[in-house]
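These notes concern the structure reproduced below.
Atoms considered below: every heavy atom in the structure, side chains included; atoms not considered: hydrogens, waters and symmetry mates. Start at 1 and go down the list; that is how both ligands and their atoms are numbered.
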Amino acid sequence: MIAKDHLIIFDTTLRDGEQSPGASMTRDEKVRIAKALERMRVDVIEAGFPIASPGDFEAVKAVAEAIRDSRVCGLARALDPDIDRAGEALAGAAAGRIHTFIATSPIHMQKKLRMSPDEVLAQAVRAVQRARRYTDDVEFSPEDAGRSEIDFLCRVLEAVIDAGARTVNIPDTVGYNIPDQFGSLIQTLRERIPNADQAIFSVHCHNDLGLAVANSLAAVRNGARQVECTINGLGERAGNAALEEIVMTVRTRQDLFDCETRLDTTQIMNCSRLVSGITGFAVQPNKAVVGANAFAHESGIHQDGVLKNRETYEIMRAEDVGWNANRMVLGKHSGRNAFRTRLQELGIVMASEEDLNAAFSRFKDLADKKHEIFDEDLQALVTDTTLDAANERVKLISLRVCSETGETPCAELVLAFDGEERGGSARGGGPVDATFKAIESIVTSGTELKLYSVNAITSGTDAQGEVTVRLERGGRIVNGQGADTDIVIASAKAYLNACNKILQPVERAHPQQGHV
Ligand code: KIV
Ligand code: ZN
């Protein structure tokens, strides 16, 4: 049997994914996601854009220091300060990569860069040479390659490979290409560039026309051996190619692909839930692979077929992507050890024994209200305890809401704010509105509410509601999460979680608000 090529999975959830409007992540959240990606055996994790802000630098540095089994990458424009900053942020990585880029399409060169093609080429070469001072692993991207002229693209790529780029990434930056065309672009580049065999060809497709996954796979069928993608397809505008779709297609259709990934696909659901919980970007129920309905059979004919033989209607096994066949995992009588073990199985590592104890005590409270505790409940519960106590300036002590037909809803609450107990009350359009106003009467955060969303974590009327609140102040965006069987309390927790983040000194501007 001929060994298949290795298809490198380059995850850019923490960089391009974070460029989705509102999907901002704190440094610690980035580290949590990076650890989940490492556990899934992703080859390369693009952790951010170190020059964008001091906070972005710190986040890339923290990921580089925390990750041992995946390569950590930092993005840099083809400029000396960007490259130096990326090199510095990656210094502690077990294996680091600098990814440098400059646009090569006529419209970008003329209108954005105001540079001639020769100037762009020279700057690309200089950037790769400079990045090689920090690491042997340098990736170069001709931004907007999907709309670049083929002759110029070939010249640039040949020159950067000569200068030491080991990966050349072909971005369809604006999601303009279609599969046949993009596949043949990769084939043409590989055939025409004389030193093409000295670099790995990678692709990075955006989803503006809904073709990011199809374009990436067409490229793989034409020799690309790295795909850049994100969990749940998160990313700038309509997003990037979804990692789970790429990986499961290559795995399911091994008859058509002469390569394979090294991923542990059973970790896909974990990563998907973690990213959607942290960013507040819910996964649509009919989303391929990770949507709640991806493996649900509703029609009688389908159910009958699956019962007789699951392959009649299922091309993948739900458990292979981490959906649990036996979903009830823990209950009221489960002890601390069972709790810890299940967290470990889910890839959740608590930072300290105190964090574990806090999470366990929340688990016990939850188990009192809800008989069956599912993996999704555990994940939400842990998300709830991730803000370390030192950073939690404001905390909910008690909340009472009244909601009655014909009456204006009201909320009364007590918060601990910088250690001092303070009470507040307000009326509002509904109990959640009243609760948020009552919190603001004490915290006066000066923020604008940008998003409020509630999701039932599991099924049943005793399910926990998982709430995401997005707040903005002066261009800074934070996401807060809260979960509870009472959705008004979950909403208060989410609002306070977001307030605690906004009350911290500016850790990092959102990359779109940074000085780049
Ligand atoms: O979409 C794009 O072109 C990018 C590059 C930085 C690779 O994100
Ligand atoms: Zn991109």
- Message: Any carboxylate oxygen within less than 4.0 angstrom of a Lys/Arg side-chain nitrogen, looking at D136 and R166?
- Response: no
- Message: Show every ring-ring contact (aromatic ring centres under 6.0 Å, His included) that has at least one partner inside residues 130-161, sequence neighbours left out.
- Response: none
- Query: With a 4.0 Å cut-off, would you call E46 and R97 a salt bridge?
  - Reply: no
- Is the closest basic N to carboxylate O distance between E29 and K501 below 4.0 Å? yes
- Query: Is it true that R85 and E88 have a side-chain N and a carboxylate O under 4.0 angstrom from each other?
  - Reply: yes
I'd like the atom pairs linking ligand 1 to the protein - N or O on both sides, separation under 3.5 Å - with distances to 0.1 Å.
unit_1, atom_1, unit_2, atom_2, d
ligand 1, 1 (O), H204, NE2, 3.2
ligand 1, 1 (O), H206, NE2, 3.0
ligand 1, 3 (O), T173, OG1, 2.6
ligand 1, 8 (O), R15, NH1, 3.3
ligand 1, 8 (O), R15, NH2, 3.0
ligand 1, 8 (O), D16, OD2, 3.1
ligand 1, 8 (O), H204, NE2, 3.1

- Item | Check: N240 side chain, T230 main-chain N or O, donor-acceptor pair, under 3.5 Å | no
- Task: Return yes if some donor-acceptor pair links the side-chain N/O of R225 with the main-chain N/O of V220 below 3.5 Å, else return no.
- Result: yes
- Task: Output yes when E143 and K112 qualify as a salt bridge under the 4.0 Å nitrogen-oxygen rule, no when they do not.
- Result: yes
- Which protein N, O or S atoms lie under 2.8 Å from the Zn ion (ligand 2), given by chain and residue number? D16 OD2, H204 NE2, H206 NE2
- Among all residues two or more places apart in sequence or in another chain, which pass the side chain to side chain donor-acceptor pair (under 3.5 Å) test with S276? none
